[in-house]
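One structure is given here, and the rest of the page talks about it.
In each ligand, atom 1 is the first atom listed, and ligand 1 is the first ligand listed.
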Amino acid sequence: MRKSKILGVGHCVPDRIVTNDDLSKMMDTNNEWIVERTGIHTRHWFTPGKDTITSLSKKATEVALERANLSAKDIDFIVFATITPDYFIPGNGVLLQRELDFENIGALDIRNACSGFIYALSIADQFIKTGMYDRVLVVGAEIQSSALDKSDDGRSSSVIFADGAGAVVLGPSTSENSGILSTHLHSQGQYAEELYCKDPGSSREVRLSPELIESGSFFLKMNGNAVFKHAVVRFMEVIQEALDYNKLDKSDIDLLIPHQANLRISQYIQQKLELPDEKVFNNIMHMGNTTAATIPIAMSEAWEQGKINEGDLICLAAFGSGFTWASALLRW
Ligand code: UT7
């Protein structure tokens with residue numbers, strides 16, 4: 001069966017940079033706490049009226065297409081991972097479809113939060129492996145800053161989440177030795193409420209009301225400690241699962257690109273895998289946690305910095321809301 005391969009990767013983040021000092025003017029926090037507990041120094045937040053999920057993902061897609069030496073007309077299908085779409089209905093895949101010169105191709109939205117990009121990549125991979133499509137666009141994009149409680153009550157989550165978009169173009173590999181080797185997807189719904197956004201939910205008589213807004217139930221809520229404890233276990237499990245499946249060893253990894261949730265989580269995984277600094281790519285320091293967008297943004301930056309080369313074994317891994325977690329191993 002043919003393999004799929006990443007042909008091009010791009011990203012786009014809003015211009016507005018928010019520092020830890022900026023946050024300390026909105027809530028009771030400080031630079032020292034944020035850097036020590038999360039590793040984040042700055043992040044990008046959108047500008048209302050200027051940036052949208054569609055505009056950010058359009059720019060990321062244009063860069064990915066250019067790097068793949070392809071045009072929108074060459075794309076057969078769109079898989080779009082976001083939990084913060086521009087509209088409640090329809091999904092963001094179709095909004096991107098109308099922005100560029102795509103044919104009337106299918107567009108699918110994936111709502112798997114932090115694992116969303118790897119889930120989306122896995123779906124695109126299946127389409128290419130079976131021969132149904134030749135070139136699939138996979139996007140991860142979020143505007144989280146408008147869902148954050150920027151008062152003292154929300155300070156533990158609002159200092160980590162951020163906005164941005166990343167995109168990859170996936171196509172058939174021309175060599176047996178390169179491409180996506182495997183993807184591994186998991187969920188455990190019993191922990192859904194440890195990281196969730198309750199409203200606007202459909203099981204209310206009215207989805208939006210002044211009372212609901214007053215209650216703050218539309219803010220992202222996270223039990224950070226619980227998420228952290230599960231994350232460090234599941235990241236390791238799902239990376240090991242990918243290595244075992246491919247009969248590879250942790251020492252074979254050339255570059256690990258973990259979901260950028262918290263620098264301490266990445267450092268824990270790095271230590272457990274005994275990987276040197278140059279084999280782990282982190283950009284949470286200046287990007288924050290952009291949920292489904294962290295991995296394609298990081299992959300795009302790593303590629304720009306010459307840290308991804310032909311033949312490299314790249315490991316992607318993510319954990320987040322659901323809980324869901326996932327990994328992908330690919331030979332570049
Ligand atoms: O991407 C999706 C998955 N998400 C994650 O993987 C996130 C995982 N969790 C985390 O990254 C961390 O749990 C957080 C960064 C969210 C929080 O860090 P923590 O070290 O777990 O802090 P904590 O919630 O245990 O709070 C420790 C202390 C508390 O004060 P007391 O009770 O010890 O006096 C908090 O009130 O730090 C306080 N605190 C803050 N202080 C200053 C919490 N947030 C802040 C803040 N600034 N922003």
Side-chain angles (χ1 to χ4, degrees), residues 18-43 45 81-84 110-119 140-145 147-164 166 186-189 191-197 219-239 257-270 282-285 287-298 316-327:
V18 177
T19 66
N20 294 341
D21 287 338
D22 292 334
L23 293 180
S24 69
K25 291 175 191 121
M26 302 175 202
M27 62 195 86
D28 181 15
T29 190
N30 56 76
N31 181 56
E32 198 188 354
W33 191 95
I34 300 172
V35 172
E36 192 190 308
R37 308 305 296 168
T38 73
I40 302 169
H41 293 256
T42 59
R43 75 285 289 140
W45 279 5
T82 184
I83 48 163
T84 54
I110 303 282
R111 301 186 69 235
N112 279 70
C114 303
S115 310
F117 179 77
I118 300 181
Y119 269 74
E142 307 284 0
I143 290 180
Q144 286 289 7
S145 60
L148 301 177
D149 177 358
K150 297 170 190 109
S151 74
D152 293 355
D153 291 345
R155 65 180 180 168
S156 68
S157 335
S158 46
V159 298
I160 71 170
F161 289 106
D163 308 337
H186 296 278
S187 74
Q188 195 174 16
Y191 296 110
E193 285 79 19
E194 299 292 4
L195 173 46
Y196 82 132
C197 197
F219 286 132
L220 190 72
K221 297 268 189 310
M222 176 169 74
N223 178 353
N225 280 301
V227 178
F228 196 107
K229 281 180 193 147
H230 285 266
V232 288
V233 174
R234 298 305 192 186
F235 261 108
M236 289 308 301
E237 276 179 13
V238 81
I239 292 171
I257 305 180
H259 163 55
Q260 301 290 291
N262 181 320
L263 190 59
R264 288 189 291 134
I265 295 178
S266 295
Q267 286 168 341
Y268 176 88
I269 307 164
Q270 174 178 352
N282 290 307
N283 63 0
I284 192 168
M285 302 76 86
M287 287 293 179
N289 177 342
T290 56
T291 315
T294 66
I295 291 178
I297 293 175
L316 315 177
F319 177 90
S321 172
F323 292 147
T324 63
W325 60 102
S327 66

Qualifying residue for side-chain contact (heavy atoms from CB on, under 4.5 Å) with Asp163, from Thr84, Ile143, Thr291, Thr290: Ile143
Check: Val18 main-chain N/O paired with Arg43 side-chain donor or acceptor under 3.5 Å: yes
Protein contact to atom 19 (P) of ligand 1 [nearest heavy atom, distance to 0.1 Å]: Arg264 NH2, 4.0 Å
Protein contact to atom 4 (N) of ligand 1 [nearest heavy atom, distance to 0.1 Å]: Val227 CG1, 3.5 Å
Taking atom 2 (C) of ligand 1 as the reference point, the nearest protein heavy atom with its distance: Cys114 SG, 2.8 Å
Atoms in ligand 1 with a heavy atom of His259 nearer than 4.0 Å: 1 (O), 2 (C)
Heavy-atom neighbours of Arg111 CZ exceed 12 at 6.0 Å: no
Plane angle bin for Tyr191 and His230 - parallel if under 30°, tilted between 30 and 60°, otherwise perpendicular: tilted
Atom indices of ligand 1 within 4.0 angstrom of Asn289 heavy atoms, with elements: 1 (O), 2 (C)
Val159: numbered ligand 1 atoms lying under 4.0 Å from its heavy atoms: 48 (N)
Ligand 1-proximal atoms of Ile265, by part, heavy-atom distance under 4.0 Å: side chain
Gln260 to ligand 1, any heavy atom closer than 4.0 Å: no
Considering all heavy atoms, the nearest Cys197-Leu220 contact: SG-N, 4.1 Å
Any non-hydrogen protein atom less than 4.0 Å away from atom 41 (N) of ligand 1: yes
Verify atom 37 (O) of ligand 1: protein non-hydrogen atom under 4.0 angstrom away: yes
Gly224-ligand 1 polar pair, N/O distance under 3.5 Å: yes
Which of the ligand 1 atoms, numbered from 1, are nearer than 4.0 Å to a heavy atom of Asn225: 13 (O), 21 (O), 23 (P), 24 (O), 25 (O)
Element-labelled atoms of ligand 1 that are located less than 4.0 Å from some non-hydrogen atom of Arg37: 20 (O)
Expected output: side-chain Ser151 to main-chain Asp153 donor-acceptor under 3.5 Å: yes
Side-chain donor/acceptor of Ser321 to backbone N/O of Tyr196, under 3.5 Å: no
Proximity of Met27 to ligand 1 by residue part, where a heavy atom lies under 4.0 Å: neither
Numbering as shown, the atoms of ligand 1 that approach Ala261 to under 4.0 Å (heavy-atom distance): 1 (O), 5 (C), 6 (O)
Which segment of Ser156 sits under 4.0 Å of ligand 1 when only heavy atoms are counted: both
Pairwise side-chain contact, Asp28 with Arg155, heavy-atom cut-off 4.5 Å (strictly under): yes
Heavy-atom side-chain contact between Asn289 and Thr294 under 4.5 Å: yes
Atoms in ligand 1 with a heavy atom of Thr38 nearer than 4.0 Å: 15 (C)
Within-4.5 Å side-chain heavy-atom neighbours: Ser266 and Gln260: yes
For Val35 against Asn20, the heavy-atom pair lying closest together: CG2-ND2, 3.6 Å
Nearest protein heavy atom under 4.0 Å from atom 16 (C) of ligand 1, yes or no: yes
Shortest protein heavy-atom distance from atom 18 (O) of ligand 1, along with the residue and atom involved: Trp33 CH2, 3.7 Å
Val227 and Phe319, any side-chain heavy atoms less than 4.5 Å apart: yes
Which residue and heavy atom of the protein sit nearest atom 30 (O) of ligand 1, plus the separation: Arg155 NH2, 4.5 Å
Side-chain heavy-atom pair His186, Phe323 within 4.5 angstrom cut-off: no
More than 12 heavy atoms of other groups within 6.0 Å of Lys229 NZ: no
Part of Asn262 within contact of ligand 1 (heavy atoms, under 4.0 Å): side chain
Within-cutoff protein neighbour (heavy atom, under 4.0 Å) for atom 33 (O) of ligand 1: no
Which of the ligand 1 atoms, numbered from 1, are nearer than 4.0 Å to a heavy atom of Thr29: 42 (C), 46 (C), 47 (N), 48 (N)
